[in-house]
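This report concerns only the one structure given below.
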Amino acid sequence: MRSAKGAYLTDADGNTYVDYINSWGPQILGHAHAPVIEAIQKTAEKGTSFGTPTELETQIAELVCSMVPYVDQIRMVNSGTEACMSAIRLARGYTGKEKIIKFAGCYHGHSDSFLIQAGSGAVTFGTPSSPGVTQGTAKDTLLARYNDLASTSSMLEANEGEVAAIIVEPVAGNMGCIPPQPGFLEGLRTLATKHNVLLVFDEVMTGFRLSEGGASTLYGITPDLVCFGKVIGGGLPVGAFAGPREIMSHLAPSGPVYQAGTLSGNPLAMSAGLAMLSELHEKPKIYEQLDGIGSALAQDISTALGERSVVHQINQVGSMLSVHLCESPVTDFDSAKAGDNERFKALFHHMLSLGIYLPPSAYESWFLCACLDDSTHNRTVEAFRSFR
Ligand SMILES: *Cc1c(COP(=O)(O)O)cnc(C)c1O
């Protein structure tokens, strides 16, 4: 790709596409959003990195604390991967326990502990459990089924006193979009508290996307720690992890759990993130708008595929959506894997040839942006209508 503006991408040959990936999440307000670009330009003139905190970093930290109710303190890093990796280290240091529970098909970045039955590109390319991860590391990651409280509960009982954290995508987005079933997040909260385990919400995808306070606010469940990425950087490399002071104070330099980063919190990245979050904070109606775009697409795409008798399932939560070519509802990794992957490839290429840029795998969520309009909607639905 060569450039992008609003809801459109332009490739090296000059073809344009309606973009449903939006850099895998960050561009929730569309590409090259003017306030974000201006903030980056203005900041760049004053120098890009000082290796010491700036007022911009404090401002975005305060803004996040006001947008996400349970967050007192936040640590900036450079990616979602770093955020999850560091949050788990903190959970282990805080609890003095070593094991973690993750859910099959959830993706928490590419650090070793998480590449066990991982979703996203790891499963698309056939390596959900990556070579290069040592058995020593793998043995500390326990695997439960998404939307299955019984599997989580029995795992906690079998490993009583050894589990530091349960990490979960509160709305899964890396095996397609899979909403939590009623009671699942509540149940995880109850189990974590009962077994003295930290509940870590990986909101790298959902944070600032599903609501100002992310999925935790949408579903009314408070985790012990949260990981951010994607939207928080406004298109520059930013991740963050955050939580209440009681836990965050165990982090260096105030506590013993070490974490650091040369470019973490650099002013360029902070200015982009601050411009993005400020706008989302000032215009909270944007979340209703995004949900409207998402539900209209879900409905009309389903009708279009139905007209062609294409067997499908569509999951949608706000500005996350995915189409699975299978008969049964998609509620976990196994049901996501039941889809017809060869047919999905044909669908992807059909759409691409008509100028619609979808995620190239059913194991990825679409990321909708606020620049999508009637024209992109109609073009997309028409393209689905001609799939056979
Ligand atoms: C994208 C993603 C990550 C990893 O973030 P990177 O910035 O790509 O390292 C972690 N968790 C979830 C839920 C994600 O969607």
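Atoms considered below: every heavy atom in the structure, side chains included; atoms not considered: hydrogens, waters and symmetry mates. When a ligand or atom number is given, it counts from 1 through the structure's own listing order.
Under a 3.5 Å cut-off, the side chain of Ser386 and the backbone N or O of Ala383 do form a donor-acceptor pair.
Two rings, from Phe241 and Phe228, have their centers 6.0 Å or more apart.
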Which side-chain N or O atoms in residues 177-193 pair as donor and acceptor under 3.5 Å with protein atoms at least two apart or in another chain?
| residue | atom | partner | partner atom | Å |
| --- | --- | --- | --- | --- |
| Glu186 | OE1 | Gly183 | N | 3.4 |
| Arg189 | NE | Thr193 | OG1 | 3.4 |
| Arg189 | NH1 | Thr222 | O | 2.9 |
| Arg189 | NH1 | Asp224 | OD1 | 3.4 |
| Arg189 | NH1 | Asp224 | OD2 | 3.3 |
| Arg189 | NH2 | Thr193 | OG1 | 3.1 |
| Arg189 | NH2 | Asp224 | OD2 | 3.1 |
| Thr190 | OG1 | Glu186 | O | 3.0 |
| Thr193 | OG1 | Arg189 | O | 2.9 |

Donor-acceptor pairs are to be reported for all side-chain atoms of residues 37-45 against protein atoms at under 3.5 Å, with residues two or more places apart or in another chain.
| residue | atom | partner | partner atom | Å |
| --- | --- | --- | --- | --- |
| Thr43 | OG1 | Ala39 | O | 2.8 |
| Thr43 | OG1 | Ser271 | OG | 3.3 |

Compile the donor-acceptor pairs under 3.5 Å between side chains in residues 106-115 and protein atoms, sequence neighbours left out, one pair per line.
| residue | atom | partner | partner atom | Å |
| --- | --- | --- | --- | --- |
| His108 | ND1 | Asp202 | OD2 | 2.7 |

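Closer than 4.0 angstrom to ligand 1 lie heavy atoms from Ser79, Gly80, Thr81, Tyr107, His108, Gly109, Glu169, Asn174, Asp202, Val204, Met205, Lys230.
When side chains are defined from C-beta on, Glu212 counts as touching His281, because their heavy atoms get closer than 4.5 Å.
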